[in-house]
Participant: 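Have a look at this one.
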Amino acid sequence: MSTEHSGDEHQLRIDPGEVDLDTPNIARMYDYFLGGAAHFAVDRQAAEELLAVFPGNTDWARINRAFLGRAVRELSRRGIDQFLDLGSGIPTKGNVHEIAQQHDPHARVAYVDIEPVAVSHASHLLRENSHVTVTQADIREPEAVLSAPGVAGLLDFTRPVAVLAVAVLDIIAVDDPAELVAAYQRACTPGSAFVLSHGAQLQASDVEWAGAKEVFRETTTPHPQVRTCGEIAELCAGYTLIEPGLVPSAQWRPERPVSEEEAARSNGYAAVGVLEDVRR
């Protein structure tokens with residue numbers, strides 16, 4: 001049996017027995033911030049509570065999404081045609097496969113997310129695209145992710161693969177995020193790439209960040225964290241960063257001039273790296 005969310009033009013389909021409809025979810029909240037419709041009343045309420053204490057979150061969401069699009073386009077121009085999107089979230093405008101397949105219709109994209117609504121909705125929307133898969137898995141378990149049929153059966157790891165960790169490492173509880181990144185890196189061949197965005201307290205005040213954490217405590221991702229630029233740089237170890245390196249998300253290869261004030265509204269850093277012959 002499926003449940004249709006009336007606000008979703010694609011008819012959001014889920015198994016009610018698999019989804020906690022009482023707890024806000026960051027993937028659905030993110031969809032709300034981006035103007036999507038794949039969310040529920042509990043998500044909208046939490047999103048509005050977050051905006052009340054941290055009004056800049058909408059800017060962050062749009063800046064982060066725009067960075068993802070620019071990064072995928074750049075890697076596609078460089079000849080990469082395989083993408084592993086970790087923590088892919090709810091499908092919305094500017095999906096990885098849409099951008100990659102504009103450049104190469106045969107580009108392959110494996111989406112991975114732990115959130116059942118995101119996986120169910122994406123599977124429904126992408127069921128006729130033979131070059132795209134959606135896997136429900138915990139990205140903190142790289143062996144399980146990499147061996148999942150939707151990943152191992154679609155991506156050829158003897159060829160370059162772009163691993164995407166966009167706005168995900170700052171919302172999951174993991175003891176050693178650098179080692180988690182390294183586990184995926186070890187599965188990749190030289191010439192592969194890594195796309196990273198991660199929250200940082202650039203413009204957000206201490207009061208705003210404290211308020212945001214209070215809201216997140218009631219969601220399925222109760223322990224978000226920001227890291228310093230140096231800490232985020234450590235997550236890119238083993239990759240050679242392409243220009244402009246690790247910068248506020250809005251300043252990563254923007255399509256127009258970006259002011260320092262707009263860059264600060266990124267409230268996070270972004271980078272794209274290429275895996276050379278020497279790996280850890």
Side-chain angles (χ1 to χ4, degrees), residues 26-27 30-31 34 61 63-104 107-115 118-119 122 126 131-142 145-146 148 150-152 154-157 159-172 174 177-178 180-189 191-199 232 235-242 246 249 252-253 268-275:
I26 185 60
Y30 186 47
D31 177 72
L34 291 172
I63 289 170
N64 185 72
R65 192 69 179 180
F67 157 71
L68 172 63
R70 297 194 302 274
V72 172
R73 281 190 288 273
E74 175 61 27
L75 292 178
S76 295
R77 286 193 290 265
R78 289 173 175 249
I80 290 183
D81 60 1
Q82 300 188 105
F83 298 83
L84 174 60
D85 190 353
L86 302 175
S88 51
I90 298 283
T92 190
K93 184 178 180 180
N95 290 308
V96 173
H97 74 277
E98 293 175 335
I99 298 169
Q101 290 179 352
Q102 285 176 356
H103 184 87
D104 179 355
R108 298 184 176 191
V109 179
Y111 291 115
V112 179
D113 203 286
I114 197 172
E115 212 283 307
V119 173
L126 302 172
H131 296 299
V132 181
T133 60
V134 185
T135 298
Q136 184 174 353
D138 189 335
I139 69 165
R140 295 172 296 183
E141 301 174 357
V145 170
L146 293 168
V151 177
L154 179 72
L155 304 180
D156 177 3
F157 282 88
R159 298 176 50 243
V161 174
V163 176
L164 281 56
V166 176
V168 66
L169 294 177
D170 43 5
I171 62 170
I172 61 174
V174 57
L180 179 61
V181 171
Y184 288 101
Q185 182 187 107
R186 288 191 288 268
C188 296
T189 189
S192 294
F194 180 53
V195 177
L196 173 70
S197 73
H198 192 295
I232 296 170
L235 303 177
C236 301
Y239 291 97
T240 299
L241 300 186
I242 65 176
L246 181 65
S249 305
W252 196 89
R253 301 201 172 200
Y269 289 96
V272 176
V274 175
L275 187 60

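These numbers were taken from a predicted model, which means no experiment stands behind them.
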Participant: Determine whether Asp156 and Gln82 make a side-chain contact, defined as any pair of heavy atoms from C-beta on separated by less than 4.5 Å.
Facilitator: yes
Participant: What is the ring orientation for Trp252 with Phe67, classed by angle as parallel under 30°, tilted 30 to 60°, or perpendicular over 60°?
Facilitator: perpendicular
Participant: Rounded to the nearest 0.5 Å, how far apart are CD1 of Ile80 and OG of Ser192?
Facilitator: 6.5 Å
Participant: Evaluate the side chain to side chain contact (heavy atoms under 4.5 Å, CB included) criterion for residues Val96 and Leu164: first the C-alpha distance (whole Å), next the side-chain angles of each, then the deciding distance (0.1 Å), finally the verdict.
Facilitator: CA-CA 10 Å; Val96 173; Leu164 281 56; 3.6 Å; yes
Participant: Could you check Arg108 against Asp81 for side chain to side chain contact (heavy atoms under 4.5 Å, CB included), going step by step and ending with a plain yes or no?
Facilitator: CA-CA 6 Å; Arg108 298 184 176 191; Asp81 60 1; over 6 Å; no
Participant: Name all residues meeting the side chain to side chain donor-acceptor pair (under 3.5 Å) criterion together with Asp104; count only those two or more places apart in sequence or in a different chain, and write none if there are none.
Facilitator: none
Participant: Applying side-chain contact (heavy atoms from CB on, under 4.5 Å) between Phe194 and each of Val181, Val272, Leu275, report the one that passes.
Facilitator: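 Going through Val181, Val272, Leu275 one by one, the side-chain contact (heavy atoms from CB on, under 4.5 Å) with Phe194 is satisfied by Val181 alone.
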Participant: Of all residues at least two apart in sequence or in a different chain, which pass the salt bridge (Lys or Arg N to Asp or Glu O under 4.0 Å) check with Asp138?
Facilitator: Arg140
Participant: Between His97 and Tyr111, is the ring centre distance below 6.0 Å?
Facilitator: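 Ring-ring flag for His97/Tyr111: true, centres closer than 6.0 Å.
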Participant: Tell me, please, which residues at least two apart from Asp170 pass salt bridge (Lys or Arg N to Asp or Glu O under 4.0 Å).
Facilitator: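 Listed in chain order: nothing, the list is empty.
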Participant: With Ala110, which residues qualify under side-chain contact (heavy atoms from CB on, under 4.5 Å), at least two apart?
Facilitator: Leu84, Thr133, Val151, Leu154, Leu155
Participant: Which atom names give the shortest non-hydrogen contact between Val72 and Ala100, and what distance separates them?
Facilitator: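 Distance-wise, the nearest heavy atoms are CG1-N, 4.0 Å.
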Participant: Side-chain contact test, heavy atoms from C-beta onward, threshold under 4.5 Å: evaluate it for Val119 versus Thr135 and give yes or no.
Facilitator: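 No, their side chains stay 4.5 Å or more apart.
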Participant: Mind listing the closest non-hydrogen atom pair of Gly69 and Ile99 along with its distance?
Facilitator: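 Looking at all heavy atoms of both residues, the shortest contact is CA-CD1, 3.4 Å.
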Participant: Under the rule for side chain to side chain donor-acceptor pair (under 3.5 Å), what residues qualify as partners of Tyr269, not counting sequence neighbours?
Facilitator: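 For Tyr269, no residue satisfies side chain to side chain donor-acceptor pair (under 3.5 Å) once neighbours in sequence are set aside.
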Participant: Mind checking what makes side chain to side chain donor-acceptor pair (under 3.5 Å) contact with Glu74, not counting sequence neighbours?
Facilitator: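 Applying side chain to side chain donor-acceptor pair (under 3.5 Å) to Glu74 gives Arg77, Arg78, Arg253.
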Participant: Side chains of Asn64 and Tyr30: donor-acceptor distance under 3.5 Å anywhere?
Facilitator: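 Yes.
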Participant: Could you measure the distance from the CG atom of Leu126 to the CG atom of Asn95? Nearest 0.5 Å is fine.
Facilitator: 7.0 Å
